[in-house]
There are 2 protein chains.
Amino acid sequence: MDAVAALAALAQDNRLDVFRLLVQAGPEGLTAGAVAEALDLAPNTLTFHFDRLRMAGLATVRREGRSMIYAARFETMNALVGFLTENCCGGVSCAPAKPSKPARKRSKVPA
Amino acid sequence: MDAVAALAALAQDNRLDVFRLLVQAGPEGLTAGAVAEALDLAPNTLTFHFDRLRMAGLATVRREGRSMIYAARFETMNALVGFLTENCCGGVSCAPAKPSKPARKRSKVPA
DNA sequence: CCATTATTTCAATAATCGTTGAAATATGGA
DNA sequence: TCCATATTTCAACGATTATTGAAATAATGG
């Protein structure tokens with residue numbers, strides 16, 4: 001799971017609303033139209049947001065007749081909450097925050 | 001707590017690294033310089049990211065001599081995890097299957 | 001086939017984002 | 001005071017974002 005991608009997918013008002021609605025709907029999901037109606041979003045805007053959620057692993061689609069049915073991927077959400085709990089919550093355990101950068105450009109040049 | 005603001009603040013690689021480092025450092029925090037060195041970030045870029053974290057309620061600053069010391073706000077982070085667990089996890093527990101520390105159980109768990 | 005419904009794709013747009021370099025500010029010490 | 005250190009502010013810049021309108025695609029029914 002890419003935590004940053006998942007966080008970014010949820011870090012937008014409309015998209016968070018969409019995801020919450022999908023979570024409420026459960027594994028069976030909702031048609032794009034139902035979400036558009038519930039949240040008053042243009043269908044093309046909604047497609048854009050669904051794509052983001054899908055790319056972050058937070059939603060799936062399937063076609064059913066003319067409708068596209070989107071559903072939340074709970075597994076990814078659980079992984080995200082797990083990541084945040086383990087890495088970003090004070091209390092108990094915090095895994096080391098390790099920078100994945102190759103070199104230090106800004107430190108002093110040794111003599 | 002503004003969940004979207006907090007999510008957005010963490011939805012960026014460098015900023016997530018910064019926050020994790022602050023969490024790791026605990027309530028005493030770290031100087032801006034220490035974070036800059038640890039993550040190899042330019043000081044002005046870092047100021048920008050600190051500002052975002054602060055605006056989202058995820059960090060605090062205090063001056064100590066010449067240094068600015070940033071610290072994670074665990075309260076906000078815990079609130080965020082709480083929000084996600086309540087609103088985005090389908091009502092069932094989102095907590096990782098493997099707790100890092102034994103917690104007191106409220107009821108008996110069936111085998 | 002044609003019409004209707006449901007959704008996506010595409011191009012354009014303004015707005016925001018992350019980074020950089022240069023300059024400014026604040027503090028402490030000689 | 002002058003100087004070095006630590007950090008911020010400011011003005012750019014290209015990149016990405018969310019939204020819109022128009023057109024395209026897919027499936028169903030007559």
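Per chain, numbering begins at 1; letters A, B, ... match sequence-line order.
- F50(B) and V61(B) fall within the same hydrophobic cluster, defined by Ile, Leu, Val, Met, Phe, Trp and Tyr side-chain heavy atoms under 4.5 Å apart, directly or through other members.
- Residues C89(B) and V81(A) share a closest heavy-atom pair of SG-CG2, 4.0 Å.
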For this session: Could you encode protein contacts along nucleotides 20-30 of chain D as a string, one character per nucleotide from 5' to 3', using B for base contact, S for sugar-phosphate-only contact and - for no contact, with a heavy-atom cut-off of under 4.0 Å?
Result: BBB---SBB--
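- Using a 4.0 Å cut-off, no side-chain N or O of H49(B) falls inside it from OP1 or OP2 of dC17(C).
- One atom, CG of N14(B), and another, P of dC17(C), lie 15 Å apart when rounded to the nearest Å.
- Looking at heavy atoms from C-beta onward, V18(B) lies in side-chain contact with L39(B) at the 4.5 angstrom threshold.
- Contact annotation: Y70(A) side-chain N/O to dA6(C) OP1/OP2 distance is not under 4.0 Å.
- Residues Q24(B) and L21(B) meet the side-chain proximity criterion, which asks for heavy atoms closer than 4.5 Å.
- In this entry the distance linking CG of L53(B) with C1' of dG18(C) reads 14 Å, nearest Å.
- Shortest non-hydrogen contact noted between G26(A) and A71(A) is O-CB, 4.5 Å.
- Note: CG (D51(A)) to P (dA18(D)) measures 12 Å, nearest angstrom.
- Heavy atoms of S67(A) sit under 4.0 angstrom from primed sugar atoms or phosphate atoms, though from no base atom.
- Between L58(B) and M77(B) the shortest heavy-atom distance is CD2-N, 4.0 Å.
- The shortest side-chain heavy-atom distance between V35(B) and Y70(B) does not fall under the 4.5 Å cut-off.
- As rounded to whole Å, 13 Å separates atom C1' of dA15(D) from atom CZ of F48(B).
- In terms of phosphate contacts, R15(B) brings no side-chain nitrogen or oxygen within less than 4.0 Å of OP1 or OP2 of dC17(C).
- Heavy-atom distances under 4.0 Å link DNA chain D to no residue of residues 3-13 of chain B.
- Cluster membership check: F48(B) does not share its hydrophobic cluster with L16(B), using side-chain heavy-atom separations under 4.5 Å among Ile, Leu, Val, Met, Phe, Trp and Tyr.
- Summarising the geometry, atom CZ belonging to R62(A) is positioned 4.0 Å from atom CD1 belonging to I69(A); distances are rounded to the nearest 0.5 Å.
- When distances are taken from the side chain of R52(B) to each of dT8(C), dT7(D), dG18(C), the shortest belongs to dG18(C).
- Direction change of the helix axis from one end of the helix from dC1(C)-dG30(D) to dA30(C)-dT1(D) to the other is 10°, with five pairs defining each end axis (rounded to 10°).
- Rounded to whole angstrom, the span from the CG atom of L30(A) across to the P atom of dA6(C) amounts to 15 Å.
- Annotation: the span from L7(A) atom CG to L84(B) atom CG amounts to 8.0 Å, rounded to 0.5 Å.
- The nearest whole Å value for the distance from the CE atom in M68(B) to the P atom in dA24(C) is 20 Å.
- Rounded to a whole Å, the CG atom of L41(B) is 13 Å from the P atom of dT8(D).
- For F50(B) and dA6(D), the CZ to P distance is 14 Å, given to the nearest whole Å.
- Considering only heavy atoms from C-beta on, T45(A) comes within 4.5 Å of H49(A) through its side chain.
- Pairing each heavy atom of A6(B) with each of L80(B), the nearest pair is CB-CD2, 4.0 Å.
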